[in-house]
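Encoded as structure tokens, the structure appears first; notes follow it.
Residue numbers run from 1 in the order of the sequence given.
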Amino acid sequence: MRAVLLKDFGPPDRLAVAEVPDPRPAGGEVMIRVAAVGIQFLETQVRSGMMRGALGGAPLPVVLGKEIAGEVIEVGAGVDTAHLGSRVLATTGGTGGYAERALAPAEGLVPVPDELDFRDAVALYRYGATARGLIDAARVTAGDRVLVQAAAGAVGTVLVQLLKRAGATVIGTARGAAKLALVKELGADHVVDYSLPGWTEQVRQAAQGAVEIVYDHIGGELGRESFSLLAAGSGRQIVFGYSSGQPLDVKPTELFGRGLTLTGFSAGLIWNRPAFARELVTDVLDLAVTGEIKPVVGQSFPLERAADAHAAVESRSTVGKTLLIP
């Protein structure tokens, strides 16, 4: 089968397609004919060598890829043969997804409704579950004024739509007119370009004051500026990453002085509980089937262009989900 091999850490051109042996499912595993693979920003950092520890000790050369969609074509020992032929979303053991066939634990499989294309399903998979978990983490209620940073990204595009369903007033930030137009199309009440001077004042004007909730996975200076927008006594900032490379720096006294809440959120809290993860993903997929939310696949690349896909994700020029298509 064809797979994308990472032979050495470095720039995107370190990724290349090669012929490798088909994997064989062990006990508790299934083999999936891969129809679509979701690219994660973390995978670009692993490839560069910045986050090589995320490989868990797997040696090079390695096939990256964690989130996949496709058809179950073989099962390992102890796995119900009823899975054969089923359309599923699955998470690999951390590697192996950038390929025509991949292995995944059977316990984590999520059925894909017949009404959904595999590409759309992957776009709503792990990041859709993350967005759904973020709604609960912030205790969103109708009328909350919510700032979503990087709202045109894979998590943000789903989060904006779920927030509107919850009755929130949504202010979405992004960089550039095209991304802002997409966020507006997805239902945001206001859009702001956070790359322009005075963006925080635009948010204040849109919110007619402060905001109750900030969703921040950028950190650094933008995270600090977002923190300044929180309403005293009720404001809460949900931090679920720091794509800027710098974590949010907030002192406890700043929380006490303004009566604010700072909450850390990790997707691992979801994915370490397969049944819970399946429930969240299923909720999001069902909303897509009924047309209540829209999957956003910004760009797709064949396996041969995995390097281009990584370069696009790193450039921050992408919107929604970026996919590899075997």
Side-chain angles (χ1 to χ4, degrees), residues 12 36-45 47 65-67 69 89 98 116-132 134-135 146-165 170-196 199 202-203 206 214-219 222 226 240-245 267 284-285 287-288 291-302 305-325:
V37 189
I39 293 180
Q40 300 183 354
F41 181 73
L42 174 63
E43 291 163 0
T44 70
Q45 294 178 301
R47 186 218 70 240
K66 194 167 188 176
E67 49 185 306
L89 288 164
Y98 294 6
L116 276 187
D117 180 87
F118 281 129
R119 302 182 189 202
D120 288 341
V122 169
L124 293 171
Y125 182 28
R126 292 182 67 89
Y127 289 160
T130 296
R132 177 68 174 73
L134 286 167
I135 296 288
V146 183
L147 174 64
V148 179
Q149 288 281 31
V155 175
T157 51
V158 184
L159 186 55
V160 165
Q161 297 178 79
L162 294 179
L163 286 166
K164 288 309 301 176
R165 289 191 75 254
V170 179
I171 304 165
T173 72
R175 183 192 297 266
K179 290 186 177 183
L180 293 175
L182 171 63
V183 175
K184 188 70 173 177
E185 179 186 330
L186 293 174
D189 299 281
H190 309 277
V191 293
V192 173
D193 190 326
Y194 62 71
S195 69
L196 300 179
W199 75 270
Q202 292 184 52
V203 173
V214 168
Y215 284 108
D216 170 32
H217 73 100
I218 298 177
L222 277 173
S226 301
F240 58 108
Y242 48 96
S243 60
S244 68
V284 174
L285 295 181
L287 291 174
E292 295 176 73
I293 65 171
K294 172 186 175 182
V296 178
V297 177
Q299 43 287 311
S300 300
F301 298 85
R305 293 184 59 199
D308 293 336
H310 269 226
V313 170
E314 286 181 316
S315 73
R316 310 297 175 88
S317 63
T318 59
V319 297
K321 192 65 178 173
T322 300
L323 305 181
L324 281 181
I325 306 298

With sequence neighbours excluded, what pairs up with A188 under the side-chain contact (heavy atoms from CB on, under 4.5 Å) test? V160, V170, V183, V191

Interatomic distance, T44 atom OG1 to H310 atom NE2 [nearest 0.5 angstrom]: 6.5 Å

Given Q40 and R126, is the side-chain contact (heavy atoms from CB on, under 4.5 Å) satisfied, shown in steps? CA-CA 10 Å; Q40 300 183 354; R126 292 182 67 89; 3.4 Å; yes

Nearest 0.5 Å, what's the OG-NZ distance between S195 and K179? 10.0 Å

Intermediate values then yes/no, side-chain contact (heavy atoms from CB on, under 4.5 Å), I293 and R165: CA-CA 9 Å; I293 65 171; R165 289 191 75 254; 4.2 Å; yes

How would you list, by chain and number, every residue that makes a ring-ring contact (aromatic ring centres under 6.0 Å, His included) with Y194, sequence neighbours excluded? none

What I want to find out is whether K164 reaches D189 closely enough, with some N-O distance under 4.0 Å, to be called a salt bridge. yes

Are L147 and V203 packed together at the side-chain level, in the sense that at least one heavy-atom pair is separated by less than 4.5 angstrom? yes

Locate the shortest heavy-atom distance separating A288 from L124; write the atom from each residue and the value. CB-CD1, 3.4 Å

Partners meeting side-chain contact (heavy atoms from CB on, under 4.5 Å) with A309 (sequence neighbours left out): I39, F301, T322, L324

Just one of V158, L163, V146 clears the side chain to side chain contact (heavy atoms under 4.5 Å, CB included) bar with I135, so which one? L163

In short, K294 meets Q161 closest at the heavy-atom pair N-OE1, 2.5 Å

Apply ring-ring contact (aromatic ring centres under 6.0 Å, His included) to Y125 and list each qualifying residue two or more places apart in sequence or on a separate chain. W271

Can you tell me how far the CD atom of E67 sits from the CG atom of L89, to the nearest 0.5 Å? 9.0 Å

Run the ring-ring contact (aromatic ring centres under 6.0 Å, His included) test against Y215 and tell me which residues pass, sequence neighbours left out. none

Would you name the heavy atoms of G38 and K321 that are closest together and state the gap between them? CA-CE, 3.6 Å

What I'd like to find out is whether the side chain of L134 reaches to under 4.5 Å of the side chain of V155, using heavy atoms alone. yes

Which atom names give the shortest non-hydrogen contact between Q299 and V319, and what distance separates them? NE2-O, 2.9 Å

Name all residues meeting the side-chain contact (heavy atoms from CB on, under 4.5 Å) criterion together with D117; count only those two or more places apart in sequence or in a different chain, and write none if there are none. R119, D120

State whether E43 and K66 are salt-bridged, where the test is any N-O pair (Lys NZ or Arg NE/NH1/NH2 against Asp/Glu carboxylate O) under 4.0 Å. no

Tell me, with the steps shown, if V122 and V37 meet side-chain contact (heavy atoms from CB on, under 4.5 Å). CA-CA 7 Å; V122 169; V37 189; over 6 Å; no

Which value, rounded to the nearest 0.5 Å, describes the distance between E292 atom CD and L162 atom CG? 10.0 Å

Restricting to non-hydrogen atoms, name the atom on T157 and the atom on A152 that form the minimum distance, rounded to 0.1 Å. CG2-O, 3.5 Å

Nearest heavy atoms of I325 and A36, plus distance in Å: CD1-CB, 3.9 Å

So CD1 of I218 and OH of Y242: to nearest 0.5 Å the spacing works out to 14.5 Å

T173 OG1 to Q202 CD distance, which is reported to the nearest 0.5 Å: 11.0 Å

